[in-house]
Asker: 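Below you'll find the structure I mean.
For reference, positions follow the sequence shown, starting with 1.
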Amino acid sequence: MERVAVRASESADWALAHGRSAFTVGDLAELLQVPADQVRRRLNAPARRNEWIMPVRGLWVPVPPEYRTWGAPPGLEIIDAMMGYLDVDYYVGWLSAAALHGAAHQAPQVFQVAVTRHVRDRAVGRTRFEFAQRDVEQIPRAQFPTRSGTAQVSTVAATALDIAADIRRAGGIDNAATVICELAELDQFRAQDVVRLADVYPAAALRRIGYLLERFGDFEDLEQIRRAAQAAGATPSRLDPLGQASGPVDEAWLVYVNRKVEPDL
């Protein structure tokens, strides 16, 4: 039986009803039964109605009705399709991961994603994607359910270490302290998981976590972290990497206390 072409005006709803969350140009050419070079023109009007988006060149995503006023689904809903199409390993990290774990004090302004190679930052609907290169394969990830499948998000321990290692992406040392303390309140936060990742991160990340939790957190199982911090070398790390290597040294955690930290707890 000859397949009947789906009309462009009905194509997004057809895709969603059939559980299809992303299409290449070739997929859409087959669905609409038009040449590939006509796909963009056929979807021009539906795209203006926010029924379709193209988050990366050549990948089309149907937008569920509840997100059409936003211009696109949330970042978590489309990141896996985007990175899969680009063939880039990734995970959602830093403050975006903390928010998904339920520990971000304030909603992050960008959707932060770690990737194995350069990907250009972009805005898709209301989501501003910020990509950062790192050794993704070394970082443990959790699978977060989405409407169309799952998205990869750094585990609680990896999220805390990412934030402690990259204070700039965390919004400064005060905000980093706030989020790390909130992560430590989660049942999934375990000292052994943090220590297990010590070799993947700079010593400063482990030391900052220990120092901040000892002073501001409600987490008592710090001895494993303290031993690992001491074993990482004798040279102290800066508490705030944006400041100078000066000030008193906290001997327990081997950090220069180079500024006063004021978390919002």
Asker: Tell me the closest heavy-atom pair linking I209 and I180, and the distance in Å.
Answerer: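 Closest heavy-atom pair between I209 and I180: CG1-CD1, 4.2 Å.
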Asker: Identify, with sequence neighbours excluded, every residue that meets ring-ring contact (aromatic ring centres under 6.0 Å, His included) alongside F129.
Answerer: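 Partners of F129 under the ring-ring contact (aromatic ring centres under 6.0 Å, His included) test: F111, F131.
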Asker: Who pairs with D87 by side-chain hydrogen bond (donor to acceptor under 3.5 Å, both in side chains), at least two apart in sequence or on another chain?
Answerer: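 For D87 there are no side-chain hydrogen bond (donor to acceptor under 3.5 Å, both in side chains) partners, ignoring immediate neighbours.
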Asker: Check whether any side-chain heavy atom of V92 lies under 4.5 Å from a side-chain heavy atom of S154, and answer yes or no.
Answerer: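 V92 vs S154: side chains apart.
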Asker: Which residue pairs pass the salt bridge (Lys or Arg N to Asp or Glu O under 4.0 Å) test when at least one of the two sits in residues 55-83, sequence neighbours left out?
Answerer: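 Those involving residues 55-83 are D13-R68, E66-R147.
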Asker: Does the pair L59 and F23 meet the rule for a side-chain contact (heavy atoms from CB on, under 4.5 Å), with working shown?
Answerer: CA-CA 6 Å; L59 179 71; F23 290 76; over 6 Å; no
Asker: Can you list, by chain and residue number, the hydrophobic cluster partners of V249 when the side-chain cut-off is 4.5 Å?
Answerer: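 Besides V249, the hydrophobic cluster comprises Y256, listed by chain and residue number.
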Asker: Which pairs pass salt bridge (Lys or Arg N to Asp or Glu O under 4.0 Å) with one or both residues in residues 154-164, sequence neighbours excluded?
Answerer: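 Applying salt bridge (Lys or Arg N to Asp or Glu O under 4.0 Å) to every pair that reaches into residues 154-164, excluding sequence neighbours, yields R134-D162.
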Asker: Are N258 and Q244 close enough that some pair of their side-chain heavy atoms sits under 4.5 Å apart?
Answerer: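 In short, these two side chains do not touch, never coming nearer than 4.5 Å.
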Asker: Give the intermediate values and the outcome of side-chain contact (heavy atoms from CB on, under 4.5 Å) for residues Y90 and V136.
Answerer: CA-CA 6 Å; Y90 80 97; V136 170; 5.5 Å; no
Asker: Just so I know, are the side chains of T155 and Q188 near enough to count as touching, which here means a heavy-atom distance under 4.5 Å?
Answerer: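 No. Closest side-chain heavy atoms not under 4.5 Å.
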Asker: Under a 3.5 Å cutoff, is there a donor and acceptor pairing between the side chains of R41 and Q38?
Answerer: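 Yes.
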Asker: Which residue pairs pass the side chain to side chain donor-acceptor pair (under 3.5 Å) test with at least one member in residues 163-172, sequence neighbours excluded?
Answerer: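 Applying side chain to side chain donor-acceptor pair (under 3.5 Å) to every pair that reaches into residues 163-172, excluding sequence neighbours, yields E130-R169, D166-R169.
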Asker: Should T235 and L254 count as side-chain neighbours, where that means a heavy-atom distance under 4.5 Å?
Answerer: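 Answer no - side chains too far apart.
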Asker: With a cut-off of 6.0 Å (strictly less than), are more than 12 heavy atoms of other residues, nucleotides or ligands near CG of D218?
Answerer: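 Counting neighbours around CG of D218, 12 or fewer heavy atoms of other residues, nucleotides or ligands fall under 6.0 Å, so no.
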Asker: Hey, do the aromatic rings of H101 and F144 have their centres closer than 6.0 Å?
Answerer: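 Aromatic pair counts; centres sit under 6.0 Å.
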Asker: Suppose we screen for ring-ring contact (aromatic ring centres under 6.0 Å, His included). Which residues come up paired with Y211, at least two apart in sequence or across chains?
Answerer: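 With sequence neighbours excluded, Y211 shows a ring-ring contact (aromatic ring centres under 6.0 Å, His included) to no residue whatsoever.
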Asker: Mind checking what makes ring-ring contact (aromatic ring centres under 6.0 Å, His included) contact with Y85, not counting sequence neighbours?
Answerer: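 ring-ring contact (aromatic ring centres under 6.0 Å, His included) check on Y85 returns nothing, list empty.
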Asker: What pairs with Q138 under side-chain hydrogen bond (donor to acceptor under 3.5 Å, both in side chains), at least two apart in sequence or on another chain?
Answerer: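 side-chain hydrogen bond (donor to acceptor under 3.5 Å, both in side chains) list for Q138, sorted by chain: D135.
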Asker: Report the residues that fulfil ring-ring contact (aromatic ring centres under 6.0 Å, His included) with H118, sequence neighbours left out, ordered by chain and then residue number.
Answerer: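 Partners of H118 under the ring-ring contact (aromatic ring centres under 6.0 Å, His included) test: none.
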Asker: According to the salt bridge (Lys or Arg N to Asp or Glu O under 4.0 Å) rule, which pairs have a member within residues 234-243, sequence neighbours left out?
Answerer: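 Checked against salt bridge (Lys or Arg N to Asp or Glu O under 4.0 Å) - neighbours excluded - the pairs reaching residues 234-243 are D240-R259.
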Asker: Who passes side-chain hydrogen bond (donor to acceptor under 3.5 Å, both in side chains) against D250, sequence neighbours left out?
Answerer: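 For D250, the residues satisfying side-chain hydrogen bond (donor to acceptor under 3.5 Å, both in side chains) (neighbours in sequence not counted) are R215.
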Asker: Testing the basics here: between T159 and A98, what is the closest heavy-atom pair and its distance to 0.1 Å?
Answerer: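 That closest heavy-atom pairing would be CG2-N, 3.7 Å.
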Asker: Verify the distance criterion only: is there a donor paired with an acceptor across the side chains of S11 and W52 at less than 3.5 Å?
Answerer: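 Short answer, yes.
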Asker: How about R207 and S237: does a side-chain donor come under 3.5 Å of a side-chain acceptor?
Answerer: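 S237 and R207 do have a side-chain donor-acceptor pair below 3.5 Å.
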